[in-house]
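Residue numbers start at 1 and run along the sequence shown. Please read all numbers here as calculations on a predicted model, not as lab measurements.
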Amino acid sequence: MDNADNLRGDLICAIAAAESTNALEAVRVSALGKKGTITKLMKTLGSMDPDERKLEGQEINALKAEVCIAIDERKVALEGAELDARLMAEQVDISLPVRPRSKGCVHPISQVIEEMTVIFCEMGFTVAEGPDIEEDWYNFTALNIPPEHPARQEHDTFYLPGKKNGDRKVLRTHTSPVQIHTMQEKEPPIRIIVPGRTYRCDYDATHSPMFHQVEGLVIDENTHMGHLKGCLIEFCRAMFQVDDLPVRFRPSYFPFTEPSAEVDIGCTRADGEFRIGHGDDWLEILGCGMVNPKVLENCGIDSTKYQGFAFGMGVERIAMLKYGIPDLRTFFESDLRWLKHYGFSALDVPGMVGGVNR
Ligand code: DAH
């Protein structure tokens, strides 16, 4: 009995003196663990006679229950204190200065595609996409460029390994094949633009083997050349931010449009300075035309009911003109100093309201 009473006093003192949950756990193990003092006491019961065992047993069980309660209470108190201490230590100092401005910025190609998208979406176009690896038929034949057509030579095509017949795959040489995919998949009216990567086997200051185009396609029952002109004049003026920018449509030839035109915008090259706007010179920026009825028929669209226009332009060329970037190759050199100079803030999203070239 004295044993249990002494133990009670010692344990209650040790529990109260434990300063941390770890110290408390050590006390618990010393009393209730396999070799703990209370456990040892329990083991003495086995050698007692039944009456004594009953008495002692009750006593030890009461001691055990009391110690358990004391440990639990102390544990709650210590955990609370430890949480308070941690919360105090982890306080966020809101007086710290903000992080320096992010170093990343938007590449001029992404920026110009975004600007074009904003302008055309405002006019009611949606964005479509297609694969970079194309079947010969989509890239050429369906666009009225049959095998042996001279236009195929002009494209400097990258062919993928495979059979040298109509089944061979190519890296698309323009975004025009997405016109075909779209017309096969959708009923008119169609009004899409297609930004994307294109590939030609050519490399110098004005050509890169991978470059970007934005294609446009409008198909409806009564779409005519007036719509084409209005749409593209509006686009050029919004893109270059010159309200009365002179825009000229010059007759041209593309197999997939009839009639076809190239669009020039006004510029000056006076005194060695190049400027877009009024002047005595012209600069070509895109190709366009009324979709050739043969192309419509190749996609299963009734050319006696539907007609439309298409256009295509090079993104790098427009970026160079708009932002005064002199060499095409620098777009793809991944030079961070160049990007810092010509890049755009990620938070200045182009918009028709705030301006497309913020
Ligand atoms: N696909 C032509 C090229 O890469 C550009 C083009 C011209 C696209 C006229 C068109 C178009 O849709 O109507 O040179």
Determine which pairs satisfy side-chain hydrogen bond (donor to acceptor under 3.5 Å, both in side chains) with at least one residue from residues 284-295, sequence neighbours left out, and list them in order.
none
Shortest non-hydrogen separation from I145 to N139 and the atoms involved:
CD1-O, 4.4 Å
Holding to ring-ring contact (aromatic ring centres under 6.0 Å, His included), I want the full list of residues that pass it with W282, two or more places apart in sequence or in another chain.
none
Any Lys/Arg nitrogen of D243 or R237 sitting under 4.0 Å from an Asp/Glu carboxylate oxygen of the other?
no
Going by the rule side-chain contact (heavy atoms from CB on, under 4.5 Å), which residues pair with D335 if we only count those two or more places apart in sequence or in a different chain?
R337, W338
Sort and list the pairs that fulfil salt bridge (charged side-chain N to carboxylate O under 4.0 Å, His left out) and have at least one residue in residues 256-267, not counting sequence neighbours.
R248-D264, R250-E262, R250-D264
Residue pairs passing the ring pair (Phe, Tyr, Trp, His ring centres under 6.0 Å) test where at least one lies in residues 191-239, sequence neighbours excluded:
F120-F235, H224-H227
Name all pairs fulfilling the side-chain hydrogen bond (donor to acceptor under 3.5 Å, both in side chains) condition that reach into residues 185-197, sequence neighbours left out, sorted by first residue then second.
none
A23: side-chain contact (heavy atoms from CB on, under 4.5 Å) partners, not counting sequence neighbours:
A18, S20
Among residues two or more places apart or on two chains, list those pairs meeting salt bridge (charged side-chain N to carboxylate O under 4.0 Å, His left out) that have a residue in residues 16-37.
E25-R28
Please list all pairs meeting ring pair (Phe, Tyr, Trp, His ring centres under 6.0 Å) that have one or both residues in residues 241-273, counting only residues at least two apart or in different chains.
H174-F256, F254-F256
Qualifying side-chain hydrogen bond (donor to acceptor under 3.5 Å, both in side chains) pairs, either residue in residues 62-81, two or more places apart
R8-E66
Please list, chain by chain and in numerical order, all residues satisfying side-chain contact (heavy atoms from CB on, under 4.5 Å) with P147, sequence neighbours excluded.
T141, R152
Provide the full list of salt bridge (charged side-chain N to carboxylate O under 4.0 Å, His left out) pairs with a residue in residues 269-283, sequence neighbours left out, each pair given once.
R269-D281, E273-R275
